[in-house]
Enquirer: 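Quick one: structure below, then a few questions.
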Amino acid sequence: MKAIELEKAYNPKDFEERIYSYWKEKGEFGPKEGKEGHFSVVMPPPNVTGILHMGHALNNSLQDIIVRYHRMTGVPTLWVPGTDHAGIATQNVVERQLKKEGLRRQDLGREKFLERTWLVKEKHHDIIKSQLEKMGCSCDWEHERFTMDEGLSRAVREAFVTLYERGLIYKGKYLVNYCPKCGTALSDDEVEYENMPGKLYHVRYPYADGSGYITVATTRPETMFGDVAVAVHPDDERYKAVVGKLLLLPLTDRKIPIIADSFVDREFGTGMVKITPAHDPNDWECGRRNNLEAINILNPDGTLNDNCPEKYRNLPAVEARELVVEDLRKDGYLIKEEEHSHDVGHCYRCHTVIEPYLSDQWFVRMRSLADKALEALRKSDIVFYPKRWENTYSHWMETIRDWCISRQLWWGHRIPVWYCKDCGEQIVSREDVCSCPKCKSTNVEQDSDVLDTWFSSWLWPFSTLGWPDSTEDLARFFPTSTLVSAYDIIFFWISRMIMSSEEFLDKAPFRDIVITGLVRDRQGRTMSKSLGNGIDPLEIIDRYGADAMKFTLCYMAAQGQDVLIDMDSFKMGSRFANKIWNATRFLLMNLEGRNLVSIEPSMFTTMDKWIYSRFNEAALAIEKAMESYRFNDAAQAVYSFFWNDFCDWYIESSKQSLLHGSDDEKDRRISIVMDLLEKSMRLMHPFLSFITEEIYQKLPNHKGDVIVAEYPKYDPAMIFEAEEKAVEALQETMRVVRNVRSSLSIAPEKKFKVVLRPGEGFAATKLLESENAFVSSLLGASEFIVDETKSVDVDSAFPANGNGFEAFVFVRDAIDVDGEIAKLEAEIKKAEKNLEACLSKLSNENFMSHAKSEAIAKEQAKKAEFEENVRKCREHIDLLRSI
RNA sequence: GGAGGAUUAGCUCAGCGGGAGAGCGCCUGCCUUACAAGCAGGAUGUCACAAGUUCAAUCCUUGUAUCCUCCA
């Protein structure tokens with residue numbers, strides 16, 4: 001056989017794109033026939049507003065690892081990719097573009113505006129798709145979906161109409177969160193609260209009969225034009241007498257009553273609050289309880305409307321506030337103003353201050369949906385990783401409020417409701433409506449609003465598989481297996497998917513919910529455009545490769561913890577990939593002139609058994625880690641097996657036979673090494689996909705593509721405990737002797753004789769003899785003698801201590817006797833301290849009677865070890881003195 | 001106001017009821033022909049603080065402090 005050559009340097013650019021195209025063209029990403037069952041994942045669809053950031057990179061890296069892992073176990077596996085139309089966000093992008101051209105969306109009209117938005121969608125979609133491909137995501141592009149696809153749109157209508165038929169959708173005039181900039185209502189979850197400085201104004205409201213005045217405190221005096229009452233707590237002794245009296249609303253000629261309502265906080269301000277039902281959620285509720293009118297004082301753009309005195313009309317709220325305050329002060333109504341910080345709601349998309357706004361909106365009645373979703377958790381149909389999110393989920397479900405689903409936008413799914421302009425009939429329909437079923441008029445018009453974006457994404461796990469049709473995909477891949485998402489969209493998305501799935505398909509949409517942390521910078525700040533602290537995944541790929549990025553993220557993604565990174569973090573993965581590359585390169589070089597032979601356990605040396613054992617333990621560790629979504633543990637198992645076991649010890653030990661062995665031995669060894677290399681590529685493939693495929697296909701013993709090769713399974717028959725102990729002992733002897741060389745500053749080229757005296761039960765005695773050549777070469781020993789009978793004269797040698805053995809290094813020069821004795825004395829001190837702790841435990845009756853027998857045995861072993869240590873150190877000091 | 005998380009090496013973070021770990025960084029010595037993106041060796045910690053439970057606490061319980069999220 002000829003040697004196989006690899007480029008000298010690992011350069012991911014040479015093959016990552018080629019390999020991805022190869023997989024894609026071969027159709028490796030799609031589900032294959034295989035074992036029973038299925039494994040399916042739907043990708044959280046990125047918004048078509050932008051490009052992918054590190055959060056996406058983390059999320060999709062983890063999904064890719066899970067998906068590849070399961071695909072290799074042989075079950076039919078599907079990963080559905082796609083994108084989200086992201087209503088407000090995308091519309092904002094287009095409106096910003098228009099603004100630069102001096103246009104508003106109304107100037108274009110709905111149709112032209114949407115045409116333009118589709119172009120933006122196409123552009124971003126293409127970028128996102130290419131990014132996912134660069135990352136190496138093994139999602140099935142044949143199954144790609146977009147939330148406004150024809151099929152998904154049908155799903156949206158089906159969901160809406162079904163809920164309507166079940167009495168779970170209603171329309172009504174309600175106080176909603178309204179973003180004046182976006183010009184639309186928002187759901188409660190789309191409002192972000194931020195503590196801001198503000199002022200608390202104390203305002204006098206005179207009694208209508210002129211008998212004095214009361215004082216109310218408010219942060220928003222301009223809303224007084226919408227006041228319909230002043231409320232006090234019913235048990236508030238101060239005000240019991242005045243309930244029912246009328247007040248004159250300053251700056252107006254309206255009269256409003258004093259009412260009693262128990263929601264009033266007696267401690268706040270004067271204990272009297274103005275009630276403005278149309279502009280405050282609490283007041284809205286209070287108004288409903290007390291049958292009060294709601295006076296809307298705002299236009300949709302946030303300016304004051306005709307319900308206010310003329311002077312203030314069409315002023316933005318903030319300006320109106322200043323004017324109102326000024327006028328109140330002028331007229332003597334303003335008693336005082338004080339600094340007051342409070343939480344103010346902002347639009348989660350454009351960060352404009354939210355106005356509570358009274359308008360006609362569509363809502364979903366959530367109680368019954370939430371109850372089913374809670375039941376799913378209770379029955380463990382869904383499991384969160386990490387578990388603590390289950391509380392958050394439950395709490396949200398328990399305190400859920402109705403969901404406002406209509407948006408006054410153009411980009412999105414039109415609400416499937418039509419109104420007859422002649423007879424006023426309202427028609428809710430799965431099909432487009434052209435004529436009124438009641439009066440047959442063709443003068444019908446569809447509701448102009450669109451649905452909240454999340455009303456399509458909450459159907460994602462089944463709409464992407466063909467629902468509402470009963471498709472083969474749906475039967476085969478639903479419910480999906482695992483959902484991977486960051487915690488910031490648990491409410492927006494995850495919770496709602498569970499509700500919709502339970503409602504429409506009577507099943508949870510997935511079993512395992514993996515909540516990842518957020519990616520942050522080294523200072524722990526979220527990455528954002530405004531801070532300029534973001535890292536572009538493509539830049540990482542460009543510099544270090546996609547494998548390095550995925551592996552590093554995996555290594556750092558511990559159990560939903562936030563991941564703090566900078567550009568240099570990815571060196572870790574890059575170095576590991578380089579290590580894999582070079583190890584392979586070396587081994588493939590050694591194929592020159594060799595024949596691969598079939599491998600039988602009977603031909604294994606101790607080192608062989610050890611490495612197979614370590615391999616199997618790694619496979620087991622990875623399996624366990626993957627089962628519980630402990631990605632960092634899996635990555636660590638991969639890393640330490642390949643680097644610390646396979647490269648550092650196994651390949652090193654193999655060099656002897658590969659370079660100096662007989663032909664048979666060389667054949668035997670290279671065959672085993674190739675077997676391990678081939679298995680390692682399979683083991684590592686989910687975590688470092690490109691490099692393992694590139695290497696795998698070059699291996700003389702590979703079969704097909706590693707992406708669909710069988711994942712190594714833990715094999716208890718290939719665990720060799722005795723051999724593991726022996727190799728551990730060998731490693732310990734090497735460390736001890738190397739330490740001597742290092743601490744005595746002996747040049748590497750200087751060879752010396754080493755005598756090793758094994759103690760009772762030392763595990764590596766035989767192994768050290770059989771691996772004499774390997775051991776000598778790594779130690780730089782001119783001669784390595786295992787002296788079981790203590791027959792070699794070591795009086796002139798430098799002594800060193802190991803666990804279960806003594807080593808004697810024959811170096812006479814360069815020894816700082818006093819220094820070495822001092823070191824030994826320090827060691828004795830340490831050992832004695834340990835010994836003391838040990839003895840105190842062993843002489844403690846409570847310990848002896850309560851502790852587990854293993855713990856006692858261990859203490860006894862430690863005691864023996866420390867005693868032995870002290871004894872040997874003393875001997876060595878004597879030896880040194882005699883040199 | 002409620003809930004959750006974090007506090008371990010210089011940095012980023014794992015871990016765990018019985019002798020403190022990784023990666024990076026740092027120090028020393030090596031281009032030992034797979035890899036200097038490497039190899040060998042090394043230093044660094046009152047495991048936030050205080051009580052409690054336990055034979056035994058970095059780990060469990062409670063409280064305190066600081067920081068961060070989410071919800072109201």
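Order of the sequence lines fixes the chain letters, A, B, ..., with proteins taken first and strands second; residue numbering starts at 1 for each chain. All values below were derived from every heavy atom in this structure, side-chain atoms included, with hydrogens, water molecules and symmetry-related copies excluded. Keep in mind that this is a model prediction, so the values were computed, not measured.
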Enquirer: Is it the case that the base of rA56(B) and the side chain of Glu859(A) share a donor-acceptor contact (distance under 3.5 Å, atom types as modelled)?
Expert: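 Checked by distance alone, the answer is no.
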
Enquirer: Just checking Glu390(A): base, sugar-phosphate only, or nothing, at a heavy-atom cut-off of under 4.0 Å?
Expert: nothing

Enquirer: Looking at Glu355(A) and Arg220(A), does any basic side-chain N land under 4.0 Å from a carboxylate oxygen?
Expert: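 Looking at Glu355(A) and Arg220(A), the cut-off is met.
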
Enquirer: Looking only at the side chains, is there a donor atom on one of Ser569(A) and Asp566(A) sitting less than 3.5 Å from an acceptor on the other?
Expert: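 Yes, side-chain donor-acceptor contact under 3.5 Å.
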
Enquirer: Is the closest side-chain donor-acceptor distance between Asp562(A) and Tyr487(A) under 3.5 Å?
Expert: yes

Enquirer: Under 4.0 Å, heavy atoms only, any strand: does Met848(A) hit a base, just the sugar-phosphate, or nothing?
Expert: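 Counting heavy atoms under 4.0 Å across all strands, no contact is made by Met848(A).
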
Enquirer: Polar-atom pairs under 3.5 Å, protein N or O versus N or O of nucleotides 3-6 of chain B: list them with distances, or write none.
Expert:
none

Enquirer: Taking only nitrogen or oxygen atoms into account, show me every contact under 3.5 Å that the protein makes with nucleotides 36-40 of chain B, one pair per line with its distance.
Expert:
residue, atom, partner, partner atom, Å
rA37(B), O2', Asn578(A), ND2, 2.8
rG38(B), O3', Lys579(A), NZ, 3.2
rC39(B), OP1, Lys579(A), NZ, 3.1
rC39(B), OP1, Trp643(A), NE1, 2.6

Enquirer: Under 4.0 angstrom, heavy atoms only, what part of the nucleic acid is Arg520(A) near: base, sugar-phosphate, or nothing?
Expert: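 The answer is nothing, as Arg520(A) stays clear of every strand by at least 4.0 Å.
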
Enquirer: Strictly below 4.0 Å, N to O, side chains only: are Lys698(A) and Glu694(A) in salt-bridge contact?
Expert: yes

Enquirer: Contact class for Glu7(A) vs. all strands (heavy atom < 4.0 Å): base, sugar-phosphate, or nothing?
Expert: nothing

Enquirer: Is the shortest side-chain N to carboxylate O distance from Glu868(A) to Arg871(A) below 4.0 Å?
Expert: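 Yes, charged N to carboxylate O under 4.0 Å.
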
Enquirer: Please indicate whether Lys863(A) has more than 12 foreign heavy atoms, meaning atoms of other residues, nucleotides or ligands, lying under 6.0 Å from its NZ.
Expert: no

Enquirer: Nearest 0.5 angstrom please: Arg575(A) CZ to Trp643(A) CH2, how far?
Expert: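 The CZ atom of Arg575(A) sits 7.5 Å away from the CH2 atom of Trp643(A).
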
Enquirer: Kindly express the pairing pattern of RNA chain B in dot-bracket notation, using | wherever a base pairs with another strand and counting only Watson-Crick or G-U pairs under 3.5 Å.
Expert: (((((((..((((....[..)))).(((((.......))))).....(((((..]....)))))))))))).

Enquirer: Tell whether Lys655(A) reaches the base of rA34(B) with its side chain through a donor-acceptor pair below 3.5 angstrom.
Expert: yes

